[in-house]
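What you see is a predicted model, and the numbers here were worked out from it, not measured in a lab.
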Amino acid sequence: MDLAGFFEARRIAIVGASPEGYFSDRLRENLEASEGIEVLPVNPGRRRVWGAKAFPDLESLPADPDLVIVLVGARQAVATVQTMSRLGLERAVLLASDFGKAEMKKLRSVDGVAVLGPESLGLMDVPAARFAFCGRLTFPTPPGRISIVSRSGGLLVECLRTLREDPRWGIRRAVCCGRQALLGAGDVLEALASDGQTDAVILLLEKDPCAASLVGPIESLARAGKETILFSTAGRGLRDPEALLHADGGEVLESNAVEALASSTGALHATSMDEVAEAAALVSSRPQGRGRGGHAFLVSVSAGVGQWMERASREAGLELASAGRTLRRTLAGAQSTNPIDLTAEAVTDAAVLERTVTACTRQKGVGAVIVCMHPPWGKTYSDRRNARWLEFLASPASSGGPLVMAVQPTAAVADPVPGLARGIEGACRMAAWWTASRPAPPRRECEDEDARASALRILHGPARGLSEPASRKLLTTYGIDFDPWHLAETPSQAASRARSLAGQVCLKIASPDIAPSMPGCTQGPVRGDAAVRRAYMDLLEAGRESDPDARVLGVLVTPHRQGDRALFAATLSRGDGAPPLIICGPGGDVRRVTGSYVPRLTPLTRRAALDLASKTTALSRSEGDRATLAELLERLARFAHDFRDEVGVVDLGAIVPIREGWRCLDARVAIRRRVDGR
C-alpha cells in the first residue's frame, strides 16, 4: 500500500461534513490544527459548512481531492466509494460502523480505491502537522520516530493519551485501520517497513489477531531494523480510560495468539499501556539498535527488593551478568553480587547509584541494567532523590551502551507494593526481549522429517490439484527457491504488491481448478497501478469464462523476467509405488519435452544430479552453476520420491540463473490422490 498518498494529502474532501456532531467537530478541530490542508466540505443540504462553501456531491468539486473522508452511513458510504471509482479518486477513509455483510461485499468489489475502514478514525503525520483524524486530540502529541497502527480508534486515542507526557519519545505516524475491508494492518506495517523516519511500530490489537497475516509484515519490519511492540486488550477497558491506562490482569487479554506472534517474530508483547510507553522510550533512546550483550544487572535501592527482582528475571528468562573485579571494587560497602542491593547509607546519595550504574554498563557482555527505585512513600527527600536518578538515567551519559531502565510503582495504585511487582515483572520481560537475539530465519532446507511434515499439512487440502501459491509453499518446504511473489485478493492489493516489486510484473490467476496456461489467464508484462488493476479484472473474467465453477483464490503477482534463458524441470509419477521420473532441459513444458529428454529415476544421487545438470545444453558457464542446479534437482527428486503415491506431476516451467544459484519462476503440482487415501 502506498501510504504516502494518505499522509501527504493536501486537498481533503469531507463527505457528510456538518456544523454539529461529535466526529465532525473532532475532525474540524484536527484539520484546523493541521498545516497546508485545503478542506472541501460535501453536504447537499447546506450551502456553507465550517465557514467554507459546501458542495452537493463529489462531481461538483472544483478540483480532485487527494483524500476523501466519509462521515455518512454505510449505504451512502458504499455509493460514495463507487462514485470515487468512477471519478478516478484513489483514497478514502470510512468512519461508519453500521456496515453489514452486504455492504462489506459491495465495498470489496469496488475497483481502484484504497480504503481505510469502515470504523476508521483516520490517520496522522505528526512531524508534518497533518491530522486527518476524527478522534479527540486535545492533548499535545510530540513528534518523533515511533509509529502506531491500531484496528480500534478508541484504543489508539488511549495510547496517545498514555504517552503524551513522556519526553523521551514522540510519534511519527498513526493509522486506524478499522474493520479492514480493503487495507489492513499488515498493509500498513509493510508500508512502514520502508519508512526511513520510523524506528519502531506499536501494533494495537483489540482482540486475538489473525497471526498468519501479521507474521510477514512484522518480519519485514525486523529486516528493516525496526522493532515491533504488540498490545492486546479485551476492549471493555475503553469504557473507563483510567482503568485502561493502568490495566490489571482482569482488563488485559492474555492472548495465546499474541504471545505466539511475539515469540515467532521477535516482537515484544506488552501487557499494559505503561509497558508500551516504556518499550517505545527504550527504542527511542537506542537508535543504533539493541543492547550489545545478552546479560543484565539488577540494581535495588530497597532492602529485599533485589530478591524479588531476581525471581522476576528468572521467570522472564533474563540471564544475569557476573560482577567483575573492577565492579566489586566500585561496590565497596554494598552487596557485590548480582542483584546489587544498595541499602543503608547508599540510598541517601544519588552519586552512589550513578557510579554503580555507570560501572555496570561498562562490563563486558551486558545488554541491560534494571534499577528499582525506592517506592515514593510521600517523603519529600525520596521524591527529590528519585527525580535526580531519573534525570541521570535519561541523560546522554547513560545512553551510549546497554539499556538502562528505572522501575517505580504505578502511580494509580493505592498500595505501591503490587504496583512495584508489576513494574519489575514488566521491566524484566522487556529487558529479556531487548537482550535476546532475534529468532533465526527459517532454514531454506529442512530436515527430512520436518520437510515431510510441512508438506503433509499442505497436501491434506484439495482433491484435484493445488493452486500455484500452494504449490510454491509446498516445494519451498524442500528448499526450492522461488522469485518473490504475492497473492492479491483485490485489485488494490494487486496494485500495492506490484508497486512493492518495483518494475514490470506478471499476473496469473491463482486457482486449483484453472491452469495459468489457459487463454487469458496470464497477463504480463504490466506496469502501473491502473494497468495492474485492469489486468486483475481481466484475469478474473477469463477465469470465469474458462470454468464458471472454479475456485479462484486471487491473482499471483510476480516480477517480470526479460531476456533470461530459462530451464525446465519436471517429475512424473507412475503410481503403484514405482520411482517417479525426473527430466530437465532448456524451456518447454512437460507435454512437449518428454520425448526429447532422457528421464532419470528418483531419488537422484549426487553424481546422477551432476550428470543430469551437465547434459543440459543451457549450462556451459561454470562448475558452480552445474553444482547449484544439481542441488536443486536433488531436492525436487527427493520431494517427488517422498510423495510418489500422492503427487502425479511436478512442473517447474521456468528456472533461471541468479548470482546465488538458480531460482524458479513457475510451479504446478498435480495430485494423484489425497494423503488420507480419498
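- At least one donor-acceptor pair under 3.5 Å links the side chain of Arg108 to the backbone N or O of Ala181.
- Here the CG atom belonging to Leu475 is positioned 13.0 Å from the NZ atom belonging to Lys473, to the nearest 0.5 angstrom.
- Inter-residue side-chain proximity for Val201 and Ile148 is flagged as unmet; no heavy-atom pair is nearer than 4.5 Å.
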As a quick check of understanding, evaluate side-chain contact (heavy atoms from CB on, under 4.5 Å) for Ile69 and Leu27, giving each step before the final call. CA-CA 10 Å; Ile69 300 179; Leu27 179 59; 3.9 Å; yes
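- Remark: the backbone N or O of Gly117 is not paired with any side-chain donor or acceptor of Gln180 at under 3.5 angstrom.
- Note that CG of Asn30 and CD1 of Ile37 are 10.0 Å apart. Values are rounded to the nearest 0.5 Å.
- Of all the heavy atoms in Leu67 and Ala92, the pair that sits closest is CD1-N, 4.1 Å.
- When all heavy atoms of Leu31 and Ala132 are compared, the closest pair comes out as CD2-CA, 4.2 Å.
- Taking the ring axis of Phe7 as reference, the NZ or CZ atom of Arg130 does not stay both within 45° of it and closer than 6.0 Å to the ring centre.
- In this structure the side chain of Arg497 never reaches within 4.5 angstrom of the side chain of Thr558, judged on heavy atoms.
- Using a 4.5 Å heavy-atom threshold, the side chains of Leu320 and Phe297 count as separate.
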Check the pair Arg151 / Arg179 against side-chain contact (heavy atoms from CB on, under 4.5 Å), numbers first and verdict last. CA-CA 7 Å; Arg151 294 183 180 179; Arg179 288 179 61 188; over 6 Å; no
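- Without hydrogens or angle criteria, Tyr536 side chain to Leu507 main chain gives no donor-acceptor distance under 3.5 Å.
- A salt bridge does not link Arg663 with Asp481: every distance from a Lys NZ or Arg NE/NH1/NH2 to an Asp or Glu carboxylate oxygen is 4.0 Å or more.
- Checking side-chain atoms of Ser150 against main-chain N and O of Gly153 turns up no donor-acceptor pair under 3.5 Å.
- In this structure, Pro559 and Asp483 approach most closely via the heavy-atom pair CG-OD2, 4.1 Å.
- Residues Leu230 and Leu204 have side chains not in contact (no heavy-atom distance under 4.5 Å, counting atoms from C-beta outward).
- The CG atom of Asp125 sits 8.5 Å away from atom CD of Glu8, with the distance rounded to the nearest 0.5 Å.
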Show your working on side-chain contact (heavy atoms from CB on, under 4.5 Å) between Leu501 and Trp485 and close with a plain yes or no. CA-CA 9 Å; Leu501 295 176; Trp485 61 277; over 6 Å; no
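- Annotation: the span from Lys226 atom NZ to Leu221 atom CG amounts to 7.5 Å, rounded to 0.5 Å.
- A salt bridge does not link Asp66 with Arg91: every distance from a Lys NZ or Arg NE/NH1/NH2 to an Asp or Glu carboxylate oxygen is 4.0 Å or more.
- Remark: Ser496 OG to Leu182 CG distance equals 11.5 Å, nearest 0.5 Å.
- With a 4.5 Å cut-off on side-chain heavy atoms, Ser120 and Leu95 do not count as touching.
- A 4.5 Å side-chain heavy-atom check between Ile202 and Val149 finds every atom pair outside the cut-off.
- With hydrogens and angles ignored, the 3.5 Å screen pairs a side-chain donor or acceptor of Arg472 with a backbone N or O of Leu665.
- With no hydrogens or angles considered, a side-chain donor-acceptor pair links Ser220 and Glu190 at under 3.5 Å.
- Salt bridge status for Arg172 with Asp195: present, with a side-chain N to carboxylate O gap under 4.0 Å.
- Side-chain contact between Thr198 and Ile146 is absent, with no heavy atoms from C-beta onward closer than 4.5 Å.
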As a quick check of understanding, evaluate side-chain contact (heavy atoms from CB on, under 4.5 Å) for Leu116 and Phe6, giving each step before the final call. CA-CA 10 Å; Leu116 274 176; Phe6 279 88; 4.1 Å; yes
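- The closest donor-acceptor contact from the side chain of Ser152 to the backbone of Leu155 lies under 3.5 Å.
- Here the closest heavy-atom approach between residue Leu189 and residue Ile218 is recorded as CD1-CG1, 4.1 Å.
- Formation of a donor-acceptor pair under 3.5 Å by the Ser34 side chain with backbone atoms of Phe131 is found in this model.
- Here the closest non-hydrogen pair linking Leu183 and Asp187 is CA-OD2, 3.6 Å.
- For the residue pair Gly154 and Leu121, the shortest heavy atom distance occurs at N-CD1, 4.4 Å.
- Annotation: the span from Leu487 atom CG to Glu468 atom CD amounts to 10.5 Å, rounded to 0.5 Å.
- Considering only heavy atoms from C-beta on, Val299 comes within 4.5 Å of Val369 through its side chain.
- Between the side chain of Asn338 and the main chain of Ala296, a donor-acceptor pair closer than 3.5 Å is present.
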